[in-house]
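Below: one structure, written as structure tokens.
Values below: all heavy atoms of this structure, side chains included; hydrogens, waters and symmetry mates excluded. Lettering of chains follows the sequences in order, A, B, ..., and the numbering in each one begins at 1. All of these numbers come straight from a predicted model, not from anything done at the bench.
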Protein chains: 2
Amino acid sequence: MVKRVSLSGAECPVARALDVIGDWWSLLIIRDAFEGVRRFSEFQTGLGIAKGMLATRLRDLTERGVLETAPASDGSAYKEYVLTESGRGLFLAIVALRQWGEDHLYRAGERHSVLVDRTNGDPVARLELQASDGRVLAWNETQVRKAGEGAD
Amino acid sequence: MVKRVSLSGAECPVARALDVIGDWWSLLIIRDAFEGVRRFSEFQTGLGIAKGMLATRLRDLTERGVLETAPASDGSAYKEYVLTESGRGLFLAIVALRQWGEDHLYRAGERHSVLVDRTNGDPVARLELQASDGRVLAWNETQVRKAGEGAD
DNA sequence: AAATCTAGTTCTATTTTAGAACCAGATTCG
DNA sequence: CGAATCTGGTTCTAAAATAGAACTAGATTT
């Protein structure tokens, strides 16, 4: 066997993104990082993940530039894992998954957490895809232009 | 061993979403479905996925309500896999991953495919998260309110 | 100084994956 | 029509990933 397929050379950005964060745990780790989780043990108990898995995921995400380590903010000799600029860029991907989950994965009456505006506590708006002129675009009003075709 | 952890009962919508589409191949299958791929063999050659994997992924996604089967549109006796309403709801999640990949996973000069407005060929705008009143919100201006806290 | 906590590493059993081989029914070719 | 081929799988095996428990070194608390 050749080893799990790598998509890191793909010309499709979706494939490359999944190559970095497309496994079971990575996006959950990143979600927790957005909510302020920083320490190994916090990730571990919060996610219920095996310590070995967590250690390799944190290492991989750090190597890939999504997380970075920093000295612990409480002054102890331990380290913390925080999102890099690149990692923070995943915010909208997580919000999009959240909105899809809210819409399709809860039965009526079932509760879920809600993403709110910190200044006033209101739920955030739904994401929308817009054209360059601001029109809202549905999925079937778009198209993928392959690399190298037309203007680049 | 207990078997791969299930997140289907989580109170976090992100976790439930990942329970459905959080594996290696599902989002790539869905991405291809958005681009018009419908037949088993099209998915198989396009993705380079093993047939066994593809068969179980298509079955799982169908059971979970992301895809549905339909008689082949060319009149043959075969069937096709098409996105359900729920599956089409994943469009923005894929767009968000695409934009992140474009921003962070290509070196200068490397080409990638581009999502464009079908009516005029212009690249689509970047996704933005807005507050209920339309202000653009950054990740650190938001907060997750746990299920059951405050208004629900 | 002893006890405990943190952040891992290592080990094993089980599950998942990749890939090849096989197969039945549908379709095309001669 | 019958033979060859194509489609959409299923089954098999070996390799890799995962879960979970046990162990450990260094930091911190008592």
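Electrostatic pairing of R126(A) and D103(A) counts as a salt bridge here, judged by a charged N lying under 4.0 Å from a carboxylate O. A salt bridge links R64(B) with D19(B): the closest approach of a Lys/Arg side-chain nitrogen to an acidic carboxylate oxygen falls below 4.0 angstrom.
The backbone N or O of L127(B) sits less than 3.5 Å from a side-chain atom of Q99(B), completing a donor-acceptor pair. In this structure, the side chain of T84(B) engages the main chain of G65(B) through a donor-acceptor pair within 3.5 Å. Between the side chain of E80(A) and the backbone N or O of S73(A), at least one donor-acceptor pair lies under 3.5 Å. With hydrogens and angles disregarded, no donor-acceptor distance shorter than 3.5 Å links the side chain of R39(B) to the backbone of F43(B).
Of the options I30(A), I21(A), L28(A), L115(A), a side-chain contact (heavy atoms from CB on, under 4.5 Å) to I94(A) is made by I30(A) and by none of the others.
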Are any protein N/O atoms closer than 3.5 Å to N/O atoms in nucleotides 23-29 of chain D? If there are, list each pair with its distance.
| from | atom 1 | to | atom 2 | distance (Å) |
| --- | --- | --- | --- | --- |
| dG26(D) | N2 | Y78(A) | OH | 3.4 |
| dT28(D) | OP1 | A77(A) | N | 2.6 |

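Of the side-chain N and O atoms in Y81(A), none sit less than 4.0 angstrom from OP1 or OP2 of dT6(C). Between S41(A) and the phosphate of dT6(C), there is no side-chain N or O to OP1/OP2 separation shorter than 4.0 Å. For dA17(D), the OP1/OP2 oxygens have no side-chain nitrogen or oxygen of W25(A) closer than 4.0 Å. Residue R39(A) places none of its side-chain N or O atoms closer than 4.0 Å to OP1 or OP2 of dT6(C).
Atom-to-atom, CZ of R57(B) to C1' of dT16(C) comes out at 9 Å; the value is rounded to the nearest Å. One atom, CZ of F40(B), and another, P of dG9(D), lie 6 Å apart when rounded to the nearest Å. Taking atom CZ of residue F43(A) and atom C1' of nucleotide dT6(C), one finds them 15 Å apart after rounding to whole Å. The nearest whole Å value for the distance from the CE atom in M53(A) to the P atom in dT9(C) is 12 Å. For the pair R38(B) CZ and dG8(D) C1', the computed distance is 17 Å after rounding to whole Å. Rounded to an integer number of Å, the gap from Q44(B) CD to dT10(D) P is 13 Å. Distance I49(A) CD1 to dT18(D) P: 9 Å, rounded to the nearest Å. Straight-line distance from the CD atom of E80(B) to the C1' atom of dT7(D): 13 Å, rounded to whole Å.
Separation of the F40(A) and Y81(A) ring centroids does not fall under the 6.0 Å cut-off.
For the helix from dA1(C)-dT30(D) to dG30(C)-dC1(D), the rotation axes defined at the first and last 5 base pairs enclose an angle of 20°, given to the nearest 10°.
Side-chain atoms of R98(B) and S113(B) include a donor-acceptor pair closer than 3.5 Å. Donor-acceptor pairing under 3.5 Å is lacking for the side chains of E68(A) and T62(A).
Near DNA chain C, meaning a heavy atom under 4.0 Å away, there are no residues from residues 59-74 of chain B.
Looking only at side-chain heavy atoms (C-beta outward), W25(B) and L18(A) stay at 4.5 Å or farther from each other.
Nearest-nucleotide mapping onto DNA chain D: of G52(A) and A55(B), the residue sitting toward the 5' end is A55(B).
In this structure, R16(B) satisfies the cation-pi test against Y106(A), with its NZ or CZ atom closer than 6.0 Å to the six-membered ring centre and inside 45 degrees of the ring normal.
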